[in-house]
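Report on the following structure.
Here is the naming used below: chain letters follow the sequence lines, and residue numbers restart at 1 for every chain. What you see is a predicted model, and the numbers here were worked out from it, not measured in a lab.
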Protein chains: 2
Amino acid sequence: MIIKIDFESEIPIYEQLGRQIIEGIAKGELKKGEQLPSVRQLAEDIGINLHTVNKVYNILKNEGFLTIDRRKGAMVNNLMPEVTEEFMDFIVRELKFIIHNSYCRGMGREEFLNICKSIYDELENK
Amino acid sequence: MIIKIDFESEIPIYEQLGRQIIEGIAKGELKKGEQLPSVRQLAEDIGINLHTVNKVYNILKNEGFLTIDRRKGAMVNNLMPEVTEEFMDFIVRELKFIIHNSYCRGMGREEFLNICKSIYDELENK
DNA sequence: CTATATGTTATATAAATTATATAACATAAT
DNA sequence: ATTATGTTATATAATTTATATAACATATAG
């Protein structure tokens, strides 16, 4: 799986990395139980500090996406996290902002839903 | 229009304020051409610094939501910003993250789309 | 004209966040 | 024994976020 960091982005490196790992899991590029590179290896591969990778692994562990074994390192959890109340609050909050913003700009409901659908189509590979 | 800032939130104050103004415009609580409180007035009302309000007004001016007249202060723009390529990149990026994340957690396409629809229903006050 | 209110600009400061750099430790695998 | 793993501890630097004062130019109100 290829990780690509945009060092010019306003999005923090650890946030970009975390999103790409979740994307990899969602798309099946990272299988359940699959082992991730060690913090040192991945840090070297993408040219960032080992602590930044370690931070991401621990965030994703706390969210329930990864498990970390002292011996083998990080791997994709066999059981994905649930849709918690906290997570629902998060996506509703973010969706509201995106929808309010696009609504002001004249984007209609159908157009917005079609964008969502196209992302799902890409995700479930057509 | 009532502004409510959560000082415990991890979301910056200026971000919270900006989102609520856009929400107000989307919901019609703030009409086109309507005058907003002065930076000093609003800052005092919600208990924050005038520069934080000023920052928000200028961000929203640059995005095309507000116009700022030296005499009358900030007001809601009569012409809302367009769905620019930059904006499309933004919402696709954010939607991808939300969808990948919820997809991992077992939320299906229909459930997700229903959340979006309910936000639209609230927005168009059904 | 005077006083007030407006956005604006300029500094300065403090706290938190983000990212890196070294170093060391305990433990498991080779 | 050596190596690789996550982990912990400091330290530092840059950036972001938020506040605090002060001042300026200008338009409006009295």
How many whole angstroms separate atom NZ of K55(B) from atom P of dT16(D)? 9 Å

Just how far, in rounded Å, is C1' of dT26(D) from CG of D69(B)? 11 Å

Give the C-alpha distance, both sets of side-chain angles, the deciding distance and a yes or no for salt bridge (Lys or Arg N to Asp or Glu O under 4.0 Å) between E15(A) and R19(A). CA-CA 6 Å; E15(A) 181 77 23; R19(A) 290 184 175 201; 3.2 Å; yes

Euclidean distance, atom NZ of residue K72(A) to atom P of dA4(D) [Å, nearest integer]: 19 Å

Taking only the side-chain nitrogens and oxygens of T52(B), find out if one of them lies under 4.0 Å from OP1 or OP2 of dT17(D). no

Do any N or O atoms from the side chain of Q20(A) and from the backbone of K4(A) form a donor-acceptor pair under 3.5 angstrom? yes

Any base atoms under 4.0 Å from L50(B), or only sugar-phosphate, or nothing? Heavy atoms, all strands. nothing

Round to a whole Å and report the spacing from CD of E8(B) to P of dA15(C). 17 Å

With heavy atoms under 4.0 Å as the rule, sort Y14(B) into base, sugar-phosphate or nothing. sugar-phosphate

Counting just side-chain N and O atoms, does N58(B) come under 4.0 Å of either OP1 or OP2 of dG7(C)? no

Check: H51(B) side chain, dT21(D) base, donor-acceptor under 3.5 Å: yes

How close or far is atom C1' of dA27(D) from atom CD of Q35(B), stated in whole angstroms? 13 Å

For the residue pair Q41(A) and D45(A), confirm or rule out a side-chain donor-acceptor distance under 3.5 Å. yes

Whole-Å distance, N49(B) CG to dA22(D) C1', equals 13 Å

Tell me whether the count of non-hydrogen atoms from other residues, nucleotides or ligands lying under 6.0 Å of CD in E34(A) goes above 12. yes

Measure from the side-chain heavy atoms of P12(B) and tell me the nearest of dA21(C), dG6(D), dT17(D). dT17(D)

Whole angstrom value for the distance that separates C1' of dA18(D) from CG of D6(B): 16 Å

Name the closest nucleotide to the V39(A) side chain, picking from dT9(C), dT7(D), dT19(D). dT7(D)

Nearest to side-chain heavy atoms of S38(B), which nucleotide of dT20(C), dT7(D), dG7(C): dG7(C)

Whole angstrom is fine here: how far is it from CD in E10(B) over to P in dA15(C)? 21 Å

Quick check on DNA chain C: between I11(A) and R40(B), whose nearest nucleotide comes earlier from the 5' end? R40(B)

Is the shortest distance from a Lys or Arg side-chain nitrogen in E124(A) or K117(A) to a carboxylate oxygen in the other one below 4.0 Å? no

